[in-house]
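Below, chain A is the first sequence line, B the second, and so on; all start at residue 1. Remember, predicted model here, so these are calculated numbers, not experimental data.
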Amino acid sequence: MPAFLLYLVHTLFPPDTRQPTELGADFMILVTGIGIVFILTRYQKWRWLWREWLTTVDHKRIAIMYLIAAIAMLFRGGVDALMLRTNLALPNVRPIGALEYNEVFTTHGTIMIFFMAMPFIFALFNAVIPLQIGSRDVAFPRLNAMSYWLFAFGAILFNISFVIGGSPNAGWTGYPPLTEVAFNPGPGESYYFLSLLIAGIGTTITGINFLVTIIRMRAPGMTLMRMPMFVWSVLTTSALIIFAFPPLTVALALSLLDRTFGSSFFTLGHGGMPMMYVNLFWLFGHPEVYIVILPAFGIFSEVVPTFSKKRLFGYTTMVISLVSIMFLAYGTWVHHFFTMGAGPTVNAFFGLSTMLIAIPTGVKIFNWIFTMWGGRIRITVAMLYQMAFIPTFVVGGATGIMLSVVPADYQLHNSYWVVAHFHNVLIGGTVFGLLSGLYYWWPKMFGFILNERQGKVAFWLFVIGFWVTFLPQYLLGLEGMTRRMYTYPFGFGWHELNLISTLGAFIMGAGFLALVYNIVWSLRYGERDLTGDPWNGRTLEWSLPSPAPEYNFARIPVVHGVDEFWAMKESGDTLANHLRPQDVKTLELPKNTGMPFMLGLSFFVGGFGMTFLWWPIAIFGGLGVVACLLYAAFDYNDKKHLPADVIRHTERSWGRLQA
Amino acid sequence: MSEGMSEHSEIEAVEPGLEFLRPKFEVEGFPWAQVMGYVFSLLLTFAALLLVVYHAMPPILLLAVILALALGQAGLQLGVFMHLREGRGTAWQLLPLGLAFFIAFALIGTSIWIMLFKTGVS
Amino acid sequence: MSTPAVSEPRQPIPVEFADEEESIKITGFWMFLVTDMIIFASLFAVYAVYRSRTALGPTPQQLFHLGPTVLETLLLLTSSFTIGIAVWAMRSNRPRLVLGWLIATMALGAGFVITEISDFVAYTSHGATWHVSGFLSGFYVLVGTHGAHVTFGIMWAITLLLQLRRRGLTPITRRKLFTFSLYWHFLDIVWIFIFTFVYLSGKIA
Amino acid sequence: MQRVRSSRRALRMLALAALGIGLLVSGCGPQYVLLHPKGPVGLSELHLMEFAAIAMAVIILVVFVLFGIAVVRFRDYPGNPNPYTPHWHSHKWLETLWFIIPAVILAVIAVPTVNVTYALAKLPPTKDPVVINVTSLNWKWLFEYPNQKVATVNYLYIPVGKPVLFHLTADSPMNTFWVPSLGGMEYTMPGRVLPLWLEASKPGVYWGHSGQFSGIDFEKMFFHVHAVTESKFTAWTHRLRSSAPPMTLAAYHQLLRFNTVGSESYSSFPASTWPSVSHGFTLSGGMYLLKSNNPNPTAQH
Ligand code: HEA
Ligand code: HEA
Ligand code: CUA
Ligand SMILES: [Cu+2]
């Protein structure tokens, strides 16, 4: 028995993970875990948690769970970033060693992309899309919950790697053969492949779900060309997900087969070909960066008209540009490996296709500017993020164009120029967009408004910190500093700029803390949103109370044009004014179910077993998955009825029902 | 088991104005389309097999011809058996599928192009 | 369900689409097939690139026997036909026929899987395991993924059979049968490309 | 007013940022290796970069100005005299304009991009190159000179004014071979051999590094390129051939170990350390086949 325990401890906590930072993290997690369990037990909230949240199929609640996960992951990824920057502050001074640094930049990149940006956009999809298209729910509510739990357990599997067994350490791109067992014998890379596979299934399902929702569930009268622009962006994003995630799944699965079952795809010998992984990864990876930017574009297309009090400029060209970005996004992936010798014809072709994306993107930028032109701009926090986005993203896009100039990329590839470029678009585009959407839709999601003054403080810290961090990194790129170095020697002239950059990162960190303070403060003291329409909005979600009731619309609206709610308000004819008691019918709603949670848990158990090659556990998890699927197949009792009286009562309490 | 009794209530349940939603049942008869589809699918397969076994053409041409036969077979399955053009919102069935075919072939073609292209500094 | 936003067809539509909610699920299933198609496309791309990377192992020409493969093709084509008839029987509202043709489909599918496994066993017993070369890895994973899909399909068909027996033809079971048939035909299409692109073209010098 | 102040602050911020860039770039010293290339390849890449940078600066300027004007003129304050046009939502010519202008600018960048891409794939026709076979190992560089029959580790000698043709491969995870002063990088990958040519036009010692992360001691994969006159180069090869030890297969296997080493020189090298292309790349002397020889697989740590 002691021998077994020793084995267990040695496998789960191998010597090289017993370092101060990791022990600290272990301790933190333990304390937080005990704290949560204690609070839930103390206030007898277990049942509440299970019945109201863990089993929910309501898209609005799923949105909130996505949001919590995303903010937690922003924190985790941000702490990683601060560790990276601290290590690089001075030459040859390294608070964390190479081993940990490699783990930290890997988890930073992976978490920020897959477990921060993705759930964040899904939070907004879930919170907004059904309301904007005038629908009671998404097309497949249960699949929606399944997506969430697959994502959540994928994220948990990825995060426990830091405390159990050791994190992946081959970059967020996970290029072989570095990820093969010969070079990476620990469990880290298995964690990486398995957690991304699990979360990836969830993401693919989300893509299908929202695509079908938008295709089939729009309110009558909402033709394609009357959809709010955010809906268009989600439609194109979902299509991107559907076509982009399968190659990732294949790339990850093949790597896993190599690691676990000895196949020879990406090995050094045996005719293995690592470049195929690179090809498949970027077949996914490039569309992925548009997956995270298009929703941000959609958000800005809602925020700008609202706060400029003016219709969106160039609706048709906005749609054309979204759709062409969607198509072009599939045709550019080779720009991530121009330097893999595919030859001048291939490189020239993909260089040009990459440049082409600038055209539709530019159209959007100019359309936003001209939406503001002739408007009346109210500078709220949501609008401020948009106003920071335009200059920031244009610089990031411009430096991207310089990378697409093939010979220039020969020099700039994998240098800090690239690091600066992608933070410029990821933070300046995606994160600013998501934060803008967060402030904009927060009242709709939670029923109160985030304090604007505090929000502005967080905003300025974040934006100034951003430029101080990443502007110097362009110059570091020109100085020839390559990425993923855990430290650097003195004498290359890299130290001043690195120090400035580190300083900026801490300013950003302060901005994040201000943001969290803003949320926590507003939870208690924030102004309630009683009208349901705090910003004088233009689209249907603002026609509902905040937060929207479980059934969203007591009666499905009929749509006559773009900005339907704005038109209603202009004609003095809002929905609330003419909902008569006899319009309200008994509704059929999806019933809560524990299956999605159990499914996610089973995947988690199976994934954990496979990571450590503990086959009984892996098989147990697999059986759990089968059991969940069987349960789902034979479960016909998935609907509940919401009586018309209850709905009338709710609507009346909001003052939305005619007497 | 009750031979399809359960449908009748549902047929009555169709709302006025939505009569087209009334379930359409196939008239009893013989599944000619399916049988012909089956025969053609066998023909296409054996054509490809025979061409290859007897090396009927130069390799490149042969490859092209058997791939074309496979495509024909796919079209047959989609049209006859998967009833691709029936249903509601068929545009939304055809569009993604067409796109998927395009992307699938582009993906395979470009991967070959990128990975097998002979490079060299000359 | 609310009035749908898509333009509606003028003439009556096939029975499995009659229920709004179930027809949405069919649309969803088409989208799933799209993702699966891209998965297979990626695997085909892998195979295409790895075809010549045989290392010290056998080449396609040396490895493949067409005999079992032709048998597999016949079995799968026939099963595609039988499930087609099952859907036809569903549309003419004859539940008993549906059950019969569904069982036939499963039997043919099982025949396919057994033939494929015995074929794989023959290859590996000659030492052609996937460890040997990139080509063999690509081959086993492409063909094996398809085989796994068929196996999964058979298990799905079993659950379907049980539901059909219990509940007869309802909007829900009709939709489930129809999506299953889509899945099965889709696997047939994939197999045709495997047969053509892997086996037949492996025999072209 | 709060709103007025915050947008003014935004503008001031931008001005400051622009000034900062200007200062840092104009005051740049020799550490900006990409801006001070020492050979024709790096020079043509720099020219292209500068060209693209100017085009991008124009775009950025246009967007910033338009955006600035919009923000300043159309804020929502009482008595704003500028026209308020809430229903103005499209303009055919404007929208066409911003499809066309970026397209034109891109076309202007695209032409030289394509030209230089093809040009860099060709060796200069008149001169015959020095060939060097480069293998990246964990975490060191092996350079074999097939014509001079010598080999080095972690440093290179090349003649000035003569193109050098590198053949790049790896007997380890991927790296990129990069000498920023001379020109762009190219991957070293197991199972493939990629060509890259560079040329030094001035004598000097230039540092190189790997651009692709390859494990724990990746950071230490610096090497030095000594660009010397042709005669000095010949003398150097003679010296190696006469005084350095030969590289045996056993010595190569020593290099395969997961560690870092200093500079080393060899008077010869075995043929089997270079991949053979038959059957999709095999390597009889190296790690490709000798899995059992793989010294310490846990050396990641
Ligand atoms: C949100 C994410 C996002 C977005 C939107 C983009 C957008 C773009 N990216 Fe970026 N990119 C990344 C995220 C993103 N990227 C990431 C994460 C990496 C690195 C991954 C890794 O290796 O780890 C990367 C890497 C990367 C590379 C590879 C670098 C290398 O490794 O060598 C290249 C090369 O071409 C590139 C190019 C571009 C281009 C041309 C755009 C264009 O879409 C930009 C278009 C926008 C504009 C141009 C601005 C607005 C336009 C106008 C105002 C109109 C007028 C403009 C012109 C006429 C030019 N990116
Ligand atoms: C959306 C994606 C995203 C986001 C938001 C960020 C945000 C940040 N990133 Fe990230 N980054 C990536 C995506 C992202 N990054 C990717 C994909 C890579 C490539 C990885 C790879 O190479 O594989 C990368 C790599 C990367 C590197 C290069 C590492 C290397 O190559 O060696 C650096 C270095 O400066 C860096 C810095 C930062 C900083 C300072 C932030 C800041 O914005 C972070 C701001 C901070 C916070 C938001 C949280 C603050 C937390 C606190 C204040 C809490 C403090 C409390 C305690 C310490 C207990 N990132
Ligand atoms: Cu910069 Cu000289
Ligand atoms: Cu990209």
Using the ring centroid of each side chain, check whether [X] and [Y] are separated by less than 6.0 Å.
| X | Y | value |
| --- | --- | --- |
| D:Phe222 | D:His209 | yes |
| D:Phe177 | D:Phe166 | yes |
| D:Phe218 | A:Tyr486 | no |
| A:Trp373 | A:Phe313 | no |

Item checked: A:Tyr488 vs A:Phe492, ring-ring contact (aromatic ring centres under 6.0 Å, His included): CA-CA, chis, key distance, verdict -> CA-CA 8 Å; A:Tyr488 50 91; A:Phe492 285 81; 8.6 Å; no
Best-contacting candidate, [options], against chain D by heavy atom pairs under 4.5 angstrom:
| options | value |
| --- | --- |
| A:Met485, A:Arg484, A:Arg311 | A:Arg311 |
| A:Ala98, A:Ala348, A:Pro177, A:Gly375 | A:Gly375 |
| A:His413, A:Glu180, A:Arg483 | A:His413 |
| A:Pro407, A:Gly477, A:Pro176, A:Gly493 | A:Pro407 |
| A:Ile390, A:Leu476, A:Asn347 | A:Ile390 |

Under a 4.5 Å cutoff for heavy-atom pairs, which residue among [options] has the most contacts with chain A?
| options | value |
| --- | --- |
| D:Ala70, D:Ser44, D:Ala52 | D:Ala70 |
| D:Asn80, D:Leu66, D:Ile59, D:Leu48 | D:Asn80 |
| D:Val63, D:Val116, D:Val114 | D:Val63 |
| D:Arg73, D:His91, D:Glu95, D:Lys92 | D:Glu95 |
| D:Met185, D:Met56, D:Met49 | D:Met185 |
| D:Pro102, D:Gly42, D:Pro86 | D:Pro86 |

Using heavy-atom distances under 4.5 Å, tell me whether [X] contacts chain A through its side chain, its backbone, both, or neither.
| X | value |
| --- | --- |
| D:Ser181 | neither |
| D:His47 | neither |
| D:Trp178 | side chain |
| D:Lys220 | side chain |
| D:Ala57 | neither |
| D:Leu168 | neither |

Given that the side chain runs from C-beta out, which part of [X] has a heavy atom under 4.5 Å from chain D: side chain, backbone, both or neither?
| X | answer |
| --- | --- |
| A:Val468 | neither |
| A:Tyr101 | neither |
| A:Pro305 | neither |
| A:Tyr175 | side chain |
| A:Leu312 | backbone |
| A:Met273 | side chain |
| A:Glu100 | neither |
| A:Trp494 | side chain |

[X] side-chain N/O to [Y] backbone N/O, donor-acceptor pair under 3.5 Å:
| X | Y | result |
| --- | --- | --- |
| A:Thr482 | D:Gly211 | no |
| A:Lys310 | A:Phe370 | yes |
| A:Thr267 | A:Gly269 | yes |
| A:Asn184 | A:Leu178 | yes |
| D:Thr169 | D:Met189 | yes |

Can you see whether [X] engages [Y] through a side-chain donor-acceptor pair at a distance of less than 3.5 angstrom?
| X | Y | answer |
| --- | --- | --- |
| D:Thr260 | D:Asp217 | no |
| D:Ser136 | D:Thr188 | yes |
| A:Asn87 | A:Arg94 | no |

Report, one line per pair, each donor and acceptor closer than 3.5 Å where one atom sits in a side chain of residues 391-399 of chain A; sequence neighbours left out.
from: A:Thr392; atom 1: OG1; to: A:Ala388; atom 2: O; distance (Å): 2.5
from: A:Thr399; atom 1: OG1; to: A:Val395; atom 2: O; distance (Å): 3.3
from: A:Thr399; atom 1: OG1; to: A:Gly396; atom 2: O; distance (Å): 2.8
from: A:Thr399; atom 1: OG1; to: A:Tyr474; atom 2: OH; distance (Å): 3.0

Next item on the list: Could you pull out all residues at least two apart from D:Gln212 that satisfy side chain to side chain donor-acceptor pair (under 3.5 Å)?
Entry: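 Testing D:Gln212 for side chain to side chain donor-acceptor pair (under 3.5 Å), a comparison that skips the adjacent residues, returns A:Asn414, D:Tyr187.
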